[in-house]
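The next block holds one structure in the form of structure tokens; read it before the comments.
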Amino acid sequence: MLQKHRFWRFVELGIDPYITEYSFEVRESLAKIREKYAYLKSGEETQDRHSVAGRILGIRRHGKITFMVLDDGTAQIQLVFRYDVIGETLWNVVELLNVGDIIGVIGRPMKTLRGELSLLVENFKVLAITWRDYPEKWHGLADAEKRYRLRYLDLMLNKKVREAMVAMYRIEKAFRDFLDSKGFIEIHTPKLQPVYGGALARPFITKIHALNRDVYLSIAPETYLKRSIIANFFKVYEIAVCFRNEDIDAQHYPEFIQIEIYQAFADWNGMMKLVEEMVSHAIKTVYGDYKIDVERNNEKLVLDFTPPWKRVPLEEAIEFFGHVKVKGKSYEELIDIAKELDIKVQDPRKGKLLEKIFEKVAQPKIQQPTFITLFPRDVSPLARPFRENPEYAERFEIYIGGLEVGNGYSELNNPILQFYFFSKEEELRVKSREKFGEVEHHPMDKDYVRALEYGMPPTAGVGIGIYRLVMILHGLDSIKDAIPYTIVEQDEFETVAEQHPDILEYYTARLGLK
RNA sequence: GGGCCCGUAGCUCAGCCAGGUAGAGCGGCGGGCUCUUAACCCGUAGACCAGCUAUGGGCGGAGGUCCCGGGUUCGAAUCCCGGCGGGCCCGCCA
């Protein structure tokens, strides 16, 4: 580094970015100021003074007047620094400021001649500086690797991602408020479980040293939420982290958030009604309308969440959307159909074949919120058999924007059948291993069966993937964009303390740390 | 597990196919400009190490260098092989 770091120039002006200021009294948010002073006419100034703080995200210097963009997390506003207003001492500091620095400002709302609502700065404090250069103003942070590795910059600068994060919080809050108004309570289920279950997926295995035993990270809260139903908590839910040790792609990530809801004395019809009511309520609360505009891959799409949503049985959906006849076909016939459709599937269950065919020919065509109903019983070990035909389960999945975002059913509350289905799952595992390799199955959970033996009322349940929902609503290409922080391998780099021994020396000496 | 693509300055990228002195824009630094908003205009350093003078920079020299390591070649950012990091698609899961 030949150039003296600008840090030293702050010090020369009597400003140490970590020692001079320890706090700043913020009296107003930029969002409020924008709202309150929207009425100002171009060229108009007020005598009101406001105290705000945030990060500088843009600088335009014009000699003795400088414009900056300040972002306080609620909104952005233009700051106007005028030499004749702040004087020479502060002006010298203005000249040192970079994009990324954090300042506290006292200023008067005004509108510039070009009509930009601004704060005319009367005083300001440097609260922290950035040691690293920020991305280019026009393209921003675009490189995928850097976006995920330096996610705080991505979250700070990329509007689409940032909006999705805020929306996710609001959607979760709307779900909670809705369920609360209906008398539901949230129960936190264990993330470390002796038997994994509630879904068909490979689990993470970890160890509890205190007990010297292996445990599984929860793949779903389901069996514990249903234990809660048995505990006479008849309306429960959880917004739960689930861990599934599967591969990562645009629609899957090993840890994800799901809301699971269980309501006693209801069946799948009641649950579908609750879901469409709750989701459409959240959409309207967060976006202001049941219909929302989504832009994905430069294509515009209007999603209409107005209840009721369409309900289409699985086999009908295959025939209607995919134009493939599957009703009444045998296992062998379905294998042939799958082959013709270029679907690689190795599974002894007829239901699995139907699911695969559905995913290939029908799913991409289902854009509007839709319940696909009547899933095969053999792929639904926790669901109650369909009352009119036990080959099917009273199970539905929720599809929006061509993606599966949820799954629900009339819960199997018969402990005798539940034991039988679990046993069948174990058999399936053993049989399939010889013939097809490892097949996803639900492990035997006798402890859960015993809970059912104490009596579970008729109950309906559902799980909705929050990241997937947000991904669709905001037209994000990858589920990773909807997840605040995803995993990346460690990289090598030097810290500022390593690059600038003089500055390290300054601080250790200044604070007497030697 | 299989396939495809990418990695060059702080950022966004060109150069690679057809091997021959490492580039642009933005950002930085210096100068000009009191209503701009991707501000503009002029200049300049910067891809790693490091010597001598001196703390503002200047002067001169040797090597290195395009994610890393090999190879081919008189010569590699460029071609080949292997690795690392990242993305996308297929298979399995939501």
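The chains referred to below are lettered A, B, ... by the order of the sequence lines, with proteins before strands, and numbering in each begins at 1.
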Legend entry - Residue among A/F124, A/W91, A/F67 satisfying ring pair (Phe, Tyr, Trp, His ring centres under 6.0 Å) with A/F81: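 Only match with A/F81 under ring pair (Phe, Tyr, Trp, His ring centres under 6.0 Å): A/F124.
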
Kindly indicate whether the side chain of [X] and the base of [N] share any N or O donor-acceptor pair separated by less than 3.5 Å?
X	N	result
A/H252	B/C93	yes
A/N98	B/G28	no
A/E136	B/G25	yes

Would you tell me if any nitrogen or oxygen in the side chain of [X] comes within less than 4.0 Å of OP1 or OP2 on [N]?
X	N	value
A/R9	B/C29	yes
A/K146	B/G10	no
A/K64	B/C35	no
A/K137	B/A39	yes

Hey, does [X] reach any base, or is it just sugar-phosphate, or nothing, if we go heavy atoms under 4.0 Å?
X	answer
A/Y467	nothing
A/R149	sugar-phosphate
A/D247	base
A/A250	sugar-phosphate
A/G58	nothing

So, do [X] and [Y] have ring centers that fall under 6.0 Å from each other?
X	Y	answer
A/H50	A/Y37	yes
A/Y506	A/F7	yes
A/W131	A/H500	no

Inset, instruction - Would you mind pulling out the nucleotide paired to B/U72, Watson-Crick or G-U wobble, both distances under 3.5 Å? - result: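 B/U72 is unpaired by these criteria.
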
Legend entry - Pairing nucleotide - B/C49, Watson-Crick or G-U, each distance under 3.5 Å: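 B/C49 is paired with nothing.
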
Inset, instruction - Taking atom C1' in both B/A39 and B/C26, compute the distance separating them and give it to the nearest angstrom. - result: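 Straight-line distance between the two C1' atoms is 13 Å.
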
Legend entry - Test: A/D491 and A/R149 ion pair at under 4.0 Å: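 Salt bridge present between A/D491 and A/R149.
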
Inset, instruction - Could you say whether A/Q490 or A/A199 is positioned toward the 5' end of RNA chain B, judged by the nucleotide with the nearest heavy atom to each? - result: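 Its nearest nucleotide lies further toward 5', so the answer is A/Q490.
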
Inset, instruction - Can you figure out which of B/U37, B/U12, B/C93 approaches the side chain of A/A201 most closely? - result: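 Minimum distance to the A/A201 side chain belongs to B/C93.
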
